[in-house]
Structures are given as C-alpha cells and as structure tokens.
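Accompanying notes for the structure given below.
These values consider heavy atoms only, across backbone and side chains, with no hydrogens, waters or symmetry-generated copies.
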Amino acid sequence: MSSPPGGFEVPLWRALAVFRFASLAYVCALSVRDADRYAHPYAAGALILVMIAWTVATAVGYARPAWRRWPLLLADLGVVMAIVLSTPWVVGREALTQGVPTLGVAWMAGPVLAWAVSGGRRRGTVAALLVAGADLATRERVGQSSFTGLILMLLAGVVVGHVARLAVAAEERLQHAVELESATRERERLARDIHDSVLQVLALVQRRGADLPGEAGELARLAGEQEAALRALIAGNAPAPGGSDGDAVDLRGLLGRYASSAVSLSAPATPVPLPRQVAGELAAATGAALDNVGRHAGGRAWVLIEDEGTTVTVSIRDEGPGIPDGRLAEAAAQGRLGVTQSIRGRVTDLGGTVRIMSVPEAGTEIELTVPRTQR
C-alpha cells in the first residue's frame with residue numbers, strides 16, 4: 001500500500017533518520033571498545049565506514065517521497081543483511097561466543113522500521129523476519145537473548161507499521177474534511193448571494209406566466225425549471241451514500257429531489273442536519289403529501305423547511321380546493337390510509353406532530369414537525 005507524499009508520515013521518516021544515526025553512534029562506540037577482540041579489525045573498520053555512508057544515503061533517500069519505493073527499500077534491506085551476515089568472519093566465532101556483540105546491533109533495525117513506515121504492519125513483519133533470520137544465522141548457539149532480540153524487532157515492525165497506517169488514514173480523513181468544508185463554504189457563499197433575490201424572481205415569473213398562452217407560458221415553464229434546478233444546486237441535493245442510521249444528512253438534499261416547476265422548495269442557506277433515518281422518514285412523508293397535492297390539488301405546491309434548533313418543520317402548501325370536514329376520517333374508514341399512515345404515521349413514529357390546516361377553495365397546508373434528537 002503506497003502512501004501519499006508528505007503529511008502525517010513526515011515526522012515518522014525524520015524519527016527513523018534520527019534512530020539510524022543514534023544506533024550508528026552506538027555501533028561505533030562498541031566497535032572502538034571491542035576492536036582488539038575482533039578477528040579482522042580492519043575489515044570491521046571498513047564495514048563501519050560502509051554503515052556510515054549507507055546511513056547518510058538512506059537519510060537523504062527517505063527524505064524524498066519519490067524515492068520511498070521498492071528499489072531503495074530492497075537495497076536498504078540487502079545492505080543491512082549483508083553486513084549482519086559478514087559478522088561471523090569479521091568479529092570471529094570465538095569473540096561472538098565470548099559475548100562480543102554483532103556489528104549490526106540496534107542499527108540493523110533500520111530497514112525494518114523503514115518497511116513498516118512505508119507499508120504498514122505486514123511489510124514491517126516481513127522485514128523483521130528476514131533481518132532476524134540473518135542475525136540468527138550468524139550464531140552458533142541460539143539462546144533466550146537471541147529470541148528476545150527477534151521478538152523486539154517483530155514488535156517494532158508491527159507497532160510502527162500500525163502507527164504509520166493510522167497516520168495515513170488520519171491524513172485522508174483530514175483531506176476529505178477540508179474538501180467538504182471548502183465545498184460547504186462555497187455553497188453557503190453562493191446561497192447568501194442568490195438565495196432570495198434570483199430565486200424569487202424566477203418563481204414570480206413562473207407563477208405570473210403559468211396560464212399565459214404561447215411563448216410567454218413556455219418562458220414561465222422554463223423559469224420554473226431553472227428555479228428548481230438552482231434551489232437543488234444551492235441545497236446540494238445529493239445525499240451522501242451509505243453510512244449508518246446515526247449519520248447526519250442534510251435534509252435539504254433529500255427534499256431537493258422533489259423540487260420542480262410545479263413544486264417550489266424554500267430552505268435555509270445553511271445545512272439542516274438530521275439523523276439519516278429521521279431525515280429519510282420525513283422526506284418520505286413529504287413525498288406522500290406532494291403525491292396528494294398532485295392528485296387532488298392540481299399539482300402546484302410550495303415546500304418550506306424551517307430549522308428551529310431542537311425541532312425541524314417542513315410545511316407543504318397548495319392552492320387546491322381544500323379538504324372538506326370529515327374527509328380524512330371517511331377515507332381512513334374506507335381503507336385509504338395515505339394521510340394516516342404515509343404521513344401522520346411516519347411523523348408520529350419519529351416523536352413528531354402533524355398539523356393539517358385546510359380552508360375550502362383556498363388550499364391546504366400540512367406542517368410536519370420532528371425533534372432533532374430522537375429519544
């Protein structure tokens with residue numbers, strides 16, 4: 001798994017460079033102390049120079065994101081394993097038996113940490129096993145201390161790899177949040193500029209010209225379509241896919257799909273977040289109300305979203321013939337439960353209320369109010 005350049009991984013690569021120089025200093029101190037016990041001290045000195053040069057090379061290489069790839073990673077592992085495997089000849093079997101440390105000591109953990117930072121736990125584990133295997137191959141007798149070093153190296157690969165993957169995931173989430181915030185701010189700026197002025201003009205053109213014949217009526221229809229499209233653009237009417245029921249979604253987006261030349265949607269310029277399940281049920285109830293408008297009131301409707309803090313109210317108003325007294329009860333008795341179940345039932349299940357206000361020949365208004373937080 002490749003990681004993006006920069007970001008939260010930069011401190012890890014810098015820490016790795018510091019570790020390699022610190023462990024190299026430790027190796028140099030041990031080599032000075034034990035030089036007289038080495039079988040080939042001059043060869044040991046040459047290998048120390050190689051280790052110094054390679055430490056500098058890896059510090060420069062890993063500092064560049066474009067170089068943190070397989071060629072450098074494999075070369076790093078190969079150089080370190082070669083130095084570890086040369087220990088029996090350079091230090092000597094007798095010195096190793098007497099307890100003289102190998103040339104690699106802590107420095108040989110460098111490629112393990114580099115693999116872990118670049119690829120996570122699995123890659124770090126593979127590098128740890130390879131380096132530990134080379135270290136065990138240099139020993140005539142394998143004791144508890146040998147396995148302790150192997151376990152410590154494995155733990156280092158796993159832990160550092162896990163932290164590196166967490167850093168990458170955090171960076172991706174941060175980038176997504178920044179992009180989302182930028183898009184939201186731009187949408188809000190656009191909404192503030194045109195929310196009432198342009199939209200109201202388009203709605204006025206549509207209403208005044210709806211009944212006119214010829215090109216005037218066509219222009220009114222087009223104005224209504226553009227009003228609906230513009231409201232959907234401002235509201236950002238595409239709800240986020242997936243997610244759990246507890247995720248918050250913008251109610252404006254769910255209701256934006258109902259906007260058309262026959263349905264005008266008025267919403268706040270800022271998001272109206274609701275839990276996904278609540279927003280979905282409220283949108284379904286609104287859709288059922290608009291279906292009734294289409295069947296009984298000529299199709300023209302106005303939808304208003306009001307964010308009242310602890311509650312959210314959606315109002316659906318039409319200019320149809322109204323609902324005669326007792327008509328809803330009569331419809332329920334006849335088994336037609338559109339208002340009772342599709343509208344009132346959904347909102348009641350959410351802990352909300354439904355108000356139906358109807359005046360004969362003057363239209364109907366339905367108010368759907370739900371609490372923002374469900375009990």
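Surrounding CZ of Arg122 are at most 12 heavy atoms belonging to other residues, nucleotides or ligands under 6.0 Å away. By the 6.0 Å contact criterion, CD on Glu94 is open, its count of non-hydrogen atoms from other residues, nucleotides or ligands being 12 or less.
Side-chain contact between Trp107 and Ile83 is present, with heavy atoms from C-beta onward closer than 4.5 Å. Put simply, the side chain of Val263 does not reach to within 4.5 Å of the side chain of Trp302, judged on heavy atoms.
A distance of 5.5 Å separates CD1 in Ile48 from CG in Leu103, rounded to the nearest 0.5 Å. Expressed to the nearest 0.5 Å, how far OG of Ser31 lies from CE of Met51 amounts to 8.5 Å. Between atom CD1 of residue Ile316 and atom CD1 of residue Ile356 there is a gap of 9.5 Å, rounded to the nearest 0.5 Å. Going from atom CG of Leu150 over to atom CG of Leu152 covers 9.0 Å, rounded to the nearest 0.5 Å. Taking CG from Asp307 and OG1 from Thr313, the interatomic distance works out to 9.0 Å, rounded to the nearest 0.5 Å. Within the model, atoms CD1 of Ile366 and OG of Ser358 stand 9.0 Å from one another, a figure rounded to the nearest 0.5 Å.
With sequence neighbours excluded, the residues that form a side chain to side chain contact (heavy atoms under 4.5 Å, CB included) with Arg355 are Met357, Glu367. With sequence neighbours left out, the salt bridge (charged side-chain N to carboxylate O under 4.0 Å, His left out) criterion links Glu181 to Arg185.
Looking at every heavy atom in both residues, Trp13 comes nearest to Val117 through CE2-CG1, 3.4 Å. Of all heavy-atom pairs spanning Ala137 and Leu85, the tightest one is CB-CD2, 4.3 Å. Closest heavy-atom contact between Val112 and Gly124: CG1-O, 3.7 Å. Nearest heavy atoms, Glu281 versus Leu350: CB-CD1, 3.7 Å.
No donor-acceptor distance shorter than 3.5 angstrom exists from the side chain of Asp318 to the backbone of Gly363, with no hydrogens or angles considered. In terms of modelled atom types and a separation under 3.5 Å, the side chain of Thr58 and the main chain of Thr55 share a donor-acceptor contact. When atom types are taken as modelled, the side chain of Arg252 and the backbone of Ala269 share a donor-acceptor pair closer than 3.5 angstrom. Proximity of a side-chain donor or acceptor of Tyr258 to a complementary backbone N or O of Ala283 within less than 3.5 Å is detected. Between the side chain of Arg123 and the main chain of Trp115, no donor-acceptor pair closer than 3.5 Å is present. Judged by distance alone, with hydrogens and angles left aside, the side-chain atoms of Arg346 form no donor-acceptor pair with the main-chain N or O of Ile343 at under 3.5 Å. When atom types are taken as modelled, the side chain of Arg165 and the backbone of Ala116 share no donor-acceptor pair closer than 3.5 angstrom. Between the side chain of Thr87 and the backbone N or O of Val84 there is at least one donor-acceptor pair closer than 3.5 Å. In this structure a side-chain-to-backbone donor-acceptor pair under 3.5 Å is missing from Arg372 to Pro275. Between the side chain of Arg300 and the main chain of Ala262, a donor-acceptor pair closer than 3.5 Å is present.
Across Val160, Val159, Leu12, a single residue satisfies side-chain contact (heavy atoms from CB on, under 4.5 Å) together with Leu113, and that is Val160. Across Thr148, Val131, Asp135, a single residue satisfies side-chain contact (heavy atoms from CB on, under 4.5 Å) together with Met153, and that is Val131.
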Go through it in stages, so that I can follow the logic: the residues are Leu77 and Leu73, the test is side-chain contact (heavy atoms from CB on, under 4.5 Å), and I'd like the CA-CA distance, side-chain angles, deciding distance and then a yes or no.
CA-CA 6 Å; Leu77 186 64; Leu73 291 170; over 6 Å; no

Would you please test Val314 and Leu304 for side-chain contact (heavy atoms from CB on, under 4.5 Å) and show each step?
CA-CA 6 Å; Val314 177; Leu304 172 65; over 6 Å; no

Between Glu179 and Gln175, does a side chain to side chain donor-acceptor pair (under 3.5 Å) hold up when you go through it step by step?
CA-CA 6 Å; Glu179 293 174 354; Gln175 180 65 25; 3.2 Å; yes

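Using a 4.0 Å cut-off between charged nitrogen and carboxylate oxygen, Arg20 and Asp76 count as a salt-bridge pair.
Ring geometry, His40 versus Trp89: the interplanar angle falls under 30°, so the pair is classed parallel (tilted spans 30 to 60°).
Under a hydrophobic-cluster definition in which Ile, Leu, Val, Met, Phe, Trp and Tyr are linked whenever side-chain heavy atoms come within less than 4.5 Å, directly or via other members, Val126 and Leu16 are assigned to the same cluster.
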